[in-house]
Amino acid sequence: MKILVLSDSHSSLRFMRRCLETIQPDVMFHLGDYYDDGQAMAEEFPGVTVYQVPGNCDKYRAPVGSREVLMPVVGGVRFYITHGHLHHVKMTLWSLLKDARAAGAEAALYGHTHEAYCHREGDGLWVMNPGSCGYSGGKAGIVEVSHGAIQAIRLIDESDLEEML
């Protein structure tokens, strides 16, 4: 199962659309900053299951009551997804990691900083910020899940999409 991770689209749908067309994921996580972009992609690609959270720029873009943290289980793997502004990720990841661990997540996914980042903590928790899919040519993340575990996780950009064609 392939999961596409996008964040900080800021009304730039071109790269999002290319990712969905090229990767053909089963699931898409949109981590906020412009929530309605995630909704637009959900309408364009109805075969893709979409989970999304609002970001700090989504006060008037997300439906009232949208949850700012989701903990979906996809392919037997629990994810902790959030935009990151409520966890102050521009200063430290401490709060994000604490909450993800408390939730029993195997991966903590966040955005907000526009800086792509992916690593595995010593206790096995994956941490990913896919970067901004709306700026600098676009960046995204791919998570591959099978047999109830994360098999691969990586960051991609425009050049990676070219190689996938």
Side-chain angles (χ1 to χ4, degrees), residues 1-9 15-33 35 37-55 62-63 65-87 89 92-113 115-133 138-157 160-161 163-165:
M1 173 175 287
K2 279 191 260 184
I3 302 166
L4 174 64
V5 185
L6 300 167
S7 187
D8 297 281
S9 46
F15 182 74
M16 294 176 76
R17 192 173 285 117
R18 281 210 60 216
C19 285
L20 285 154
E21 290 168 349
T22 304
I23 296 163
Q24 300 181 358
D26 303 290
V27 174
M28 180 184 88
F29 292 151
H30 186 266
L31 308 177
D33 277 359
Y35 192 94
D37 295 348
Q39 291 176 312
M41 292 300 98
E43 290 173 16
E44 266 187 63
F45 298 88
V48 177
T49 301
V50 175
Y51 296 92
Q52 62 185 108
V53 292
S66 295
R67 295 183 51 207
E68 296 187 271
V69 172
L70 293 177
M71 293 172 276
V73 175
V74 177
V77 175
R78 179 175 305 281
F79 291 88
Y80 186 93
I81 68 172
T82 189
H83 183 63
H85 61 295
L86 299 177
H87 290 86
V89 296
T92 178
L93 296 181
W94 184 86
S95 176
L96 172 71
L97 300 181
K98 176 183 72 71
D99 289 352
R101 287 180 175 116
E106 295 172 58
L109 309 177
Y110 69 101
H112 189 52
T113 68
E115 295 175 21
Y117 176 79
C118 183
H119 87 278
R120 193 170 194 184
E121 293 280 297
D123 63 358
L125 177 67
W126 281 101
V127 183
M128 175 194 273
N129 180 332
S132 173
C133 65
K139 293 193 176 10
I142 301 174
V143 181
E144 293 182 38
V145 173
S146 68
H147 306 295
I150 294 173
Q151 300 299 319
I153 186 168
R154 68 185 177 120
L155 299 167
I156 63 166
D157 61 19
D160 295 308
L161 290 179
E163 292 175 17
M164 291 178 192
L165 292 175

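As the structure is a prediction and not an experimental result, all values here were calculated from the model.
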Could you check whether any side-chain heavy atom of [X] comes within less than 4.5 Å of a side-chain heavy atom of [Y], counting everything from C-beta outward?
X: Val50; Y: Met41; result: no
X: Gln39; Y: Pro63; result: yes
X: Val53; Y: Glu68; result: no

Task: side chain to side chain contact (heavy atoms under 4.5 Å, CB included) between Phe45 and Glu21, worked out - done: CA-CA 9 Å; Phe45 298 88; Glu21 290 168 349; 3.8 Å; yes
Measuring from atom [atom1] of [X] to atom [atom2] of [Y], what distance do you get when rounded to the nearest 0.5 angstrom?
X: Ile150; Y: Arg120; atom1: CD1; atom2: CZ; answer: 7.5 Å
X: Gln24; Y: Leu4; atom1: CD; atom2: CG; answer: 12.0 Å
X: Thr92; Y: His87; atom1: OG1; atom2: NE2; answer: 11.5 Å
X: Cys133; Y: Leu6; atom1: SG; atom2: CG; answer: 4.5 Å
X: Cys118; Y: Leu109; atom1: SG; atom2: CG; answer: 9.0 Å
X: Glu44; Y: Leu20; atom1: CD; atom2: CG; answer: 8.5 Å

TODO: Answer with yes or no whether the side chains of Asp33 and His83 bring together a donor and an acceptor at under 3.5 Å.
DONE: yes
Task: Test side-chain contact (heavy atoms from CB on, under 4.5 Å) applied to Arg78 - qualifying residues, sequence neighbours left out - done: Met71, Val73, Ala105
Could you pull out the closest heavy-atom pair between [X] and [Y], with the gap in Å?
X: Lys139; Y: Ala116; result: CD-CB, 3.8 Å
X: Met128; Y: Ile153; result: CE-CG1, 3.3 Å
X: Met164; Y: Ile156; result: CE-CG2, 4.1 Å
X: Leu125; Y: Ala100; result: CD2-CB, 4.3 Å
X: Pro25; Y: Cys19; result: CD-O, 4.5 Å

- [ ] Hey, can you tell me if Phe79 and Phe29 have their rings parallel, tilted or perpendicular (30° and 60° cut-offs)?
- [x] perpendicular
[X] side chain to [Y] backbone, donor-acceptor under 3.5 Å:
X: Asn129; Y: Gly111; value: yes
X: Gln52; Y: Tyr35; value: yes
X: Gln151; Y: Ser146; value: yes
X: Asp8; Y: His112; value: yes
X: Thr82; Y: Tyr110; value: no

Open item on the list: Please determine whether side chain to side chain contact (heavy atoms under 4.5 Å, CB included) holds for the pair Val69 and Asp99, giving the CA-CA distance in whole Å, both sets of side-chain angles, and the decisive distance to 0.1 Å.
Closed with: CA-CA 10 Å; Val69 172; Asp99 289 352; over 6 Å; no
TODO: Could you check Leu155 against Asp160 for side chain to side chain contact (heavy atoms under 4.5 Å, CB included), going step by step and ending with a plain yes or no?
DONE: CA-CA 9 Å; Leu155 299 167; Asp160 295 308; over 6 Å; no
TODO: For atom NE2 of His147, decide whether the heavy atoms of other residues, nucleotides or ligands shown that lie under 6.0 angstrom number more than 12.
DONE: no
Open item on the list: side chain to side chain contact (heavy atoms under 4.5 Å, CB included) for Glu106 and Val145? Distances and angles first, verdict last.
Closed with: CA-CA 11 Å; Glu106 295 172 58; Val145 173; over 6 Å; no
